[in-house]
Amino acid sequence: MIREKNIVVAIILSFVTCGIYAIIWFINMTDDMRYASGDQTLEGGKEFLLTLLTCGIYGYYWAYKMGKAQVQAQAKHGIPTSDNSVLYIILQFFGLAIVNYCLIQSELNKMATPNQSNQNMGV
């Protein structure tokens with residue numbers, strides 16, 4: 001189940017915690033995309049570890065994979081598809097991974113399961 005996340009709160013928490021929440025967000029977002037797209041090669045912990053071990057180089061491939069998985073997830077959920085793989089790589093290249101996180105989370109929020117008990121968007 002994908003939970004809708006408030007992007008502004010996630011950004012603020014990422015800065016306040018000096019990036020620790022960004023790691024948690026990265027892992028959860030990757031796992032949510034695996035669930036949404038059915039792409040079993042996406043594993044949040046593994047993707048983070050590979051990005052860390054390669055000093056960020058694997059992050060470019062992660063961005064590309066997330067763009068391709070997003071297309072699969074959109075098609076699976078009946079949402080018009082948009083392949084943002086190249087955009088994600090370009091943003092990653094310019095050090096704007098947080099923008100990638102926001103764009104990917106925005107797409108995941110469109111596929112999120114509505115939570116009946118909580119009307120506001122949780123983190």
Side-chain angles (χ1 to χ4, degrees):
M1 177 174 73
I2 302 170
R3 283 189 47 220
E4 191 171 356
K5 293 177 183 66
N6 188 318
I7 297 170
V8 175
V9 172
I11 292 170
I12 292 169
L13 284 173
S14 296
F15 283 109
V16 169
T17 62
C18 299
I20 294 171
Y21 186 78
I23 295 168
I24 295 167
W25 189 15
F26 175 96
I27 292 169
N28 287 335
M29 181 174 25
T30 305
D31 288 340
D32 284 348
M33 188 63 79
R34 177 184 67 216
Y35 179 79
S37 68
D39 184 351
Q40 297 305 311
T41 64
L42 289 171
E43 294 179 34
K46 179 188 79 174
E47 303 290 328
F48 174 72
L49 185 61
L50 287 170
T51 302
L52 187 65
L53 291 175
T54 60
C55 299
I57 295 170
Y58 187 81
Y60 297 103
Y61 181 61
W62 171 84
Y64 177 79
K65 280 176 55 174
M66 290 295 279
K68 293 300 182 184
Q70 175 184 308
V71 172
Q72 291 176 325
Q74 289 169 331
K76 186 177 174 183
H77 287 85
I79 298 171
T81 60
S82 59
D83 189 349
N84 294 329
S85 303
V86 175
L87 172 65
Y88 294 160
I89 292 171
I90 292 169
L91 290 171
Q92 196 83 11
F93 180 76
F94 286 107
L96 298 171
I98 193 83
V99 177
N100 276 343
Y101 292 8
C102 295
L103 294 173
I104 294 167
Q105 188 62 58
S106 175
E107 292 301 321
L108 284 169
N109 284 347
K110 294 175 185 175
M111 296 175 252
T113 305
N115 189 350
Q116 306 298 341
S117 63
N118 189 3
Q119 293 301 322
N120 61 358
M121 293 167 30
V123 172

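Remember, predicted model here, so these are calculated numbers, not experimental data. When a residue number appears, it is its place in the shown sequence, counting from 1.
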Drop me the distance from Leu13's CG to Cys18's SG, to the nearest 0.5 angstrom. 12.0 Å
Is the shortest distance from a Lys or Arg side-chain nitrogen in Glu47 or Lys65 to a carboxylate oxygen in the other one below 4.0 Å? yes
Between Met29 and Gln105 the two heavy atoms that sit nearest each other are SD-N, 4.0 Å
Determine, step by step, whether Trp62 and Thr30 satisfy the side-chain contact (heavy atoms from CB on, under 4.5 Å) criterion, reporting the C-alpha distance in whole Å, the side-chain angles of both residues, the deciding distance to 0.1 Å, and the verdict. CA-CA 9 Å; Trp62 171 84; Thr30 305; 3.0 Å; yes
Between the CZ atom in Phe15 and the CD1 atom in Ile20, the distance rounded to the nearest 0.5 Å is 14.0 Å
How would you list, by chain and number, every residue that makes a side chain to side chain donor-acceptor pair (under 3.5 Å) with Gln70, sequence neighbours excluded? Tyr88
If hydrophobic clusters are built by linking Ile, Leu, Val, Met, Phe, Trp and Tyr wherever their side-chain heavy atoms come under 4.5 Å apart, do Ile12 and Val99 end up in the same one? no
Which pairs, with at least one residue in residues 37-61 and sequence neighbours excluded, count as a ring-ring contact (aromatic ring centres under 6.0 Å, His included)? Tyr58-Tyr61
From the options Ile90, Asn84, Leu91, select the one residue that forms a side-chain contact (heavy atoms from CB on, under 4.5 Å) with Asn100. Leu91
Interatomic spacing from OH in Tyr101 to CE in Met66 - rounded to 0.5 Å: 9.5 Å
Would you name the heavy atoms of Ile2 and Ala36 that are closest together and state the gap between them? CD1-CB, 3.3 Å
Nearest heavy atoms of Met111 and Ala73, plus distance in Å: SD-CB, 3.5 Å
Minimum heavy-atom distance Gly67-Asp83, with the two atoms named: O-OD1, 4.0 Å
State yes or no: do Val86 and Ile57 share one hydrophobic cluster built from I, L, V, M, F, W and Y residues joined by side-chain heavy-atom distances below 4.5 Å, directly or via other members? no
Check the hydrophobic clustering (I, L, V, M, F, W, Y; side-chain heavy atoms under 4.5 Å; chains of links allowed) and say if Leu49 and Ile27 are grouped together. no
Are any of the side-chain nitrogens in Arg3 or Asp32 under 4.0 Å away from the carboxylate oxygens of its partner? no
Given Leu103, which of Leu108, Leu87, Ile7 fulfils the side-chain contact (heavy atoms from CB on, under 4.5 Å) condition? Leu87
For Ala63 and Ile89, which heavy atoms make the closest approach, and how far apart are they? CB-N, 4.2 Å
Applying a strict under-4.5 Å side-chain criterion to I, L, V, M, F, W and Y, I'd like to know whether Val8 and Ile104 cluster together. no
Smallest heavy-atom separation, Ala97 atom then Gln92 atom, equals CB-OE1, 3.8 Å
What's the verdict on side-chain contact (heavy atoms from CB on, under 4.5 Å) for Cys102 and Trp25, showing C-alpha distance, side-chain angles and the deciding distance? CA-CA 10 Å; Cys102 295; Trp25 189 15; 4.1 Å; yes
To the nearest 0.5 Å, what is the distance between OG on Ser106 and CD on Glu4? 9.5 Å
In this structure, would Tyr64 and Val71 fall into the same cluster of hydrophobic residues linked by side-chain contacts under 4.5 Å? no
Extract all donor-acceptor atom pairs below 3.5 Å that involve side chains of residues 37-44 and protein atoms in other chains or at least two apart in sequence.
| residue | atom | partner | partner atom | Å |
| --- | --- | --- | --- | --- |
| Ser37 | OG | Met33 | O | 2.8 |
| Ser37 | OG | Asp39 | N | 3.1 |
| Asp39 | OD1 | Thr41 | N | 3.0 |
| Asp39 | OD1 | Thr41 | OG1 | 2.5 |
| Asp39 | OD2 | Thr41 | OG1 | 3.4 |

CD1 on Ile23 to CG on Asn28, rounded to 0.5 Å: 12.0 Å
